[in-house]
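All figures in this text were calculated on a predicted structure; none of them were measured in a lab. Residues take their numbers from the sequence shown, with the count starting at 1.
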Amino acid sequence: MDKQDELFVVVDKNDKVIGYHTRYECHHNKLLIHRAVGVVIFNNQGQILLQKRSKNKDLNPGLYTLSATGHVDKGETYVQTAKRELTEELGIKATLKREKRYLAATEQETEMNCLFTAKHNGPFYPNKDEVDKVEFFDVTKLKEYSSRLTPFTTLSLKQLS
């Protein structure tokens with residue numbers, strides 16, 4: 001289970017830091033905009049890598065999300081967080097391209113998200129505490145999986161189109 005007392009960076013709608021709140025508070029109060037990252041990995045065939053979230057995650061357990069995701073820790077930048085999440089969740093390093101920063105609001109939470117892309121064909125070494133499995137999907141067939149994607153994933157993929 002995710003540490004509920006972990007401190008997240010809370011920002012205003014302009015991404016200015018206004019404080020720090022726990023994971024629990026941020027995931028139970030949509031007014032607390034907190035920083036997060038998403039990394040979308042493509043392989044040489046143009047397929048997208050998605051990870052199936054562990055059933056132990058506090059939000060959206062067992063659903064598919066972006067290749068790597070995470071919250072920005074106090075003192076971290078967006079790019080530092082993206083690199084850390086690639087290592088923690090997939091056991092890899094990759095050259096990141098910053099695509100977009102945007103406000104992502106779901107029924108559960110509100111995040112200031114920074115989206116990155118990268119190219120990598122594997123191998124991947126998923127962290128079993130966070131990730132059940134990873135697999136590449138044909139981008140044109142992702143709509144078939146929409147009911148199995150997290151709300152955050154759906155919002156993020158729209159930002160890339």
Spacing of Thr140 atom OG1 and Gln47 atom CD [to the nearest 0.5 Å]: 9.5 Å
With a 3.5 Å distance limit and no angle check, can you tell me whether Asn14 reaches the backbone of Lys16 through a side-chain donor-acceptor pair? no
With clusters defined by side-chain heavy atoms of hydrophobic residues (ILVMFWY) lying less than 4.5 Å apart, directly or transitively, does Val40 cluster with Val131? no
Are Thr153 and Leu63 side-chain neighbours, meaning at least one heavy-atom pair lies under 4.5 Å? no
Looking at every heavy atom in both Tyr125 and Gly91, which two are closest together, and how far apart are they? CD1-O, 3.5 Å
Nearest-0.5 Å distance, CD of residue Glu85 to CD1 of residue Ile92: 12.0 Å
Are the side chain of Asn44 and the backbone of Asn121 linked by a donor-acceptor contact shorter than 3.5 Å? no
Kindly determine whether Leu86 and Ile41 satisfy side-chain contact (heavy atoms from CB on, under 4.5 Å), including the steps that lead there. CA-CA 10 Å; Leu86 281 178; Ile41 294 177; 3.8 Å; yes
If two hydrophobic side chains count as joined below 4.5 Å and joins carry through other members, does Phe42 share a cluster with Phe136? no
Please identify each residue that fulfils ring pair (Phe, Tyr, Trp, His ring centres under 6.0 Å) with Tyr78, with sequence neighbours left out. none
Walk me through whether Tyr145 and Tyr64 qualify under ring-ring contact (aromatic ring centres under 6.0 Å, His included). CA-CA 9 Å; Tyr145 296 92; Tyr64 282 91; 7.1 Å; no
Got a sec, which residues hit ring pair (Phe, Tyr, Trp, His ring centres under 6.0 Å) with His120, two or more places apart in sequence or on another chain? Phe124
If only atom types and distance count, is the side chain of Thr110 paired as donor or acceptor with the main-chain N or O of Lys30 below 3.5 Å? yes
Do any pairs count as a salt bridge (Lys or Arg N to Asp or Glu O under 4.0 Å) and have a residue in residues 132-142, sequence neighbours left out, and if so which ones? Lys55-Asp132, Lys133-Glu135
Spatial distance of atom NZ (Lys100) from atom OG1 (Thr117) [nearest 0.5 Å]: 13.0 Å
Starting from Phe137, can I reach Leu155 by hopping between I/L/V/M/F/W/Y residues whose side chains sit under 4.5 Å apart? no
Looking only at atom types and distance, does a side-chain atom of Glu109 sit under 3.5 Å from a main-chain N or O of His27, one as donor and one as acceptor? no
I'd like to know if the side chain of Glu76 and the backbone of Asp73 have a donor-acceptor N/O pair within less than 3.5 Å. yes
Can Val37 be reached from Tyr102 by stepping across I, L, V, M, F, W or Y side chains whose heavy atoms are under 4.5 Å apart? no
I'd like to know if the side chain of Arg35 reaches the main chain of Cys114, judged simply by a donor and an acceptor atom lying under 3.5 Å from each other, with no hydrogens or angles considered. no
Could you state whether Val139 and Val39 fall into the same hydrophobic cluster, counting links through intermediate Ile, Leu, Val, Met, Phe, Trp or Tyr residues with side-chain heavy atoms under 4.5 angstrom apart? no
Where is the tightest heavy-atom contact between Ala82 and Leu96, given as atom of each residue plus distance? CB-CD1, 3.6 Å
When you compare the side chain of Arg98 with that of Val79, does any pair of heavy atoms fall below 4.5 Å? no
Backbone N/O of Leu49 and side chain of Ser67: donor-acceptor pair under 3.5 Å: yes
Would you confirm whether His21, through its side chain, and Gly19, through its main-chain N or O, come within 3.5 Å as a donor-acceptor pair? no
In this structure, CZ of Phe152 is separated from CZ of Arg53 (nearest 0.5 Å) by 9.5 Å
What I'd like to find out is whether the side chain of Thr106 reaches to under 4.5 Å of the side chain of Thr150, using heavy atoms alone. no
Any Tyr20 side-chain heavy atom under 4.5 Å of Val9 side chain: yes
Just say parallel, tilted or perpendicular for the rings of Phe8 and His71, cut-offs at 30° and 60°. parallel
First locate atom CE of Met112, then atom CD1 of Ile33, and finally report the distance between them rounded to the nearest 0.5 Å. 6.0 Å
Reported CG-to-NE2 distance for the pair Asn113 and His34, which is rounded to 0.5 angstrom: 9.5 Å
Is there a side-chain contact between Val10 and Cys26, using heavy atoms and a 4.5 Å cut-off? yes
Pairwise side-chain contact, Leu115 with Leu66, heavy-atom cut-off 4.5 Å (strictly under): yes
Is the backbone of Thr69 close enough, under 3.5 Å, to the side chain of Glu89 for a donor and an acceptor to pair up by distance? yes
Show the nearest heavy-atom pair for residues Leu149 and Leu142, with the distance to one decimal. CD1-O, 4.3 Å
Between Asn29 and Glu25, is a side chain to side chain donor-acceptor pair (under 3.5 Å) present by the stated rule, with each step listed? CA-CA 6 Å; Asn29 182 348; Glu25 292 169 321; over 6 Å; no
